[in-house]
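The structure under discussion appears below in the form of structure tokens.
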Amino acid sequence: FVEFGLRWECMDGTFNPSGNCATWTQSFHQIATEVLGMDFDPIPKMQGWLQDAGFEDVKLADEIVPIGPWPRNRRLKEIGRYFLSNMLEGGVENYTLMLFTKAGWNETSVRAMLGGVRRELLDPGIHAFTRA
């Protein structure tokens, strides 16, 4: 199975570590842990879970998943388009609104932050990625 991480990275310095997307991912993980008691970063534990369940020869593959169509490689560019579409249209706003308002944020503040996240996600000059 595949799990996508919500901690974003960058190798060329185009992703602002204090920008909207970075703030969103950090806040998302913090709120999920503190308010809901949920772990939104299960990837480091998954191999052990499978082995504990009796699976043998479990292999972990670490793949880069671009956020947006910025890569030159055609395959990665297409993957980035799909991931970006998932982020923008796949319910990120819904579960962010639920999670952040449960933590005491008001809806207007959440929507303002998400507007900044959308702007950064759509900026082709930002070369962020996650891992799967």
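Position 1 is the first residue of the sequence, and the numbers go up from there. Source: prediction; values computed, not measured.
- Note: Glu63 CD to Thr130 OG1 = 12.5 Å, rounded to the nearest 0.5 Å.
- Within 6.0 Å of the OH atom in Tyr95, the count of heavy atoms belonging to other residues, nucleotides or ligands exceeds 12.
- Contact annotation: the side chain of Leu121 approaches that of Trp8 to within less than 4.5 Å [non-hydrogen atoms, C-beta and beyond].
- No donor-acceptor pair closer than 3.5 Å links the side chain of Ser109 to the backbone N or O of Trp105.
- Atom-to-atom distance recorded for Ile79:CD1 and Asn73:CG is 8.0 Å, nearest 0.5 angstrom.
- Rounding to the nearest 0.5 Å gives a distance of 5.5 Å between CZ of Phe15 and SG of Cys21.
- Between atom CG of residue Leu99 and atom CG of residue Asn94 there is a gap of 12.5 Å, rounded to the nearest 0.5 Å.
- Nearest heavy-atom pair, Pro69 versus Leu84, reported as atom, atom and distance to 0.1 Å: CD-CD2, 4.1 Å.
- Between Glu120 and Asn20 the shortest heavy-atom distance is OE2-N, 2.8 Å.
- With sequence neighbours excluded, no residue forms a side-chain contact (heavy atoms from CB on, under 4.5 Å) with Ala112.
- Here the shortest heavy-atom pairing between Arg72 and Lys77 reads O-CE, 4.5 Å.
- The shortest distance between side-chain heavy atoms of Thr96 and Val110 falls below 4.5 Å.
- In Lys102, the NZ atom is not crowded: 12 or fewer heavy atoms of neighbouring residues, nucleotides or ligands sit closer than 6.0 Å.
- Glu78 and Arg81 are joined by a salt bridge, as a carboxylate oxygen and a charged side-chain nitrogen come within less than 4.0 angstrom of each other.
- Listed by chain and number, the residues in a salt bridge (charged side-chain N to carboxylate O under 4.0 Å, His left out) with Asp12 amount to none (sequence neighbours excluded).
- Between atom CG of residue Asp123 and atom CD1 of residue Ile67 there is a gap of 12.5 Å, rounded to the nearest 0.5 Å.
- Of all the heavy atoms in Leu76 and Ile64, the pair that sits closest is CD2-O, 4.1 Å.
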Per-pair distances, 0.1 Å, donor-acceptor, side chain in residues 30-37, under 3.5 Å, sequence neighbours excluded:
unit_1 : atom_1 : unit_2 : atom_2 : d
Gln30  : NE2    : Glu34  : OE2    : 3.4
Thr33  : OG1    : His29  : O      : 2.9

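- For Glu107, the salt bridge (charged side-chain N to carboxylate O under 4.0 Å, His left out) partners are Arg111, not counting sequence neighbours.
- Applying the side chain to side chain donor-acceptor pair (under 3.5 Å) test to residues at least two apart or on different chains, the pairs with a partner in residues 45-56 are Asp39-Lys45.
- When all heavy atoms of Asn16 and Ala22 are compared, the pair lying nearest together is O-CB, 3.7 Å.
- With sequence neighbours excluded, the residues forming a side-chain contact (heavy atoms from CB on, under 4.5 Å) with Trp70 are Pro66, His127, Phe129, listed by chain and number.
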- request: Show your working on side-chain contact (heavy atoms from CB on, under 4.5 Å) between Leu88 and Val92 and close with a plain yes or no.
  value: CA-CA 7 Å; Leu88 295 174; Val92 170; over 6 Å; no
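- One hydrophobic cluster, built from ILVMFWY side chains closer than 4.5 Å, cannot hold both Val65 and Leu60; they sit in different ones.
- Distance OG1/Thr23 to CE/Met113: 8.5 Å, rounded to 0.5 Å.
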- request: Apply side-chain contact (heavy atoms from CB on, under 4.5 Å) to the pair Met87 and Arg118, showing each step before the final yes or no.
  value: CA-CA 9 Å; Met87 292 299 299; Arg118 267 188 225 92; over 6 Å; no
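- Listed here is the closest heavy atom pair of Asp62 and Arg131: OD2-NH1, 2.8 Å.
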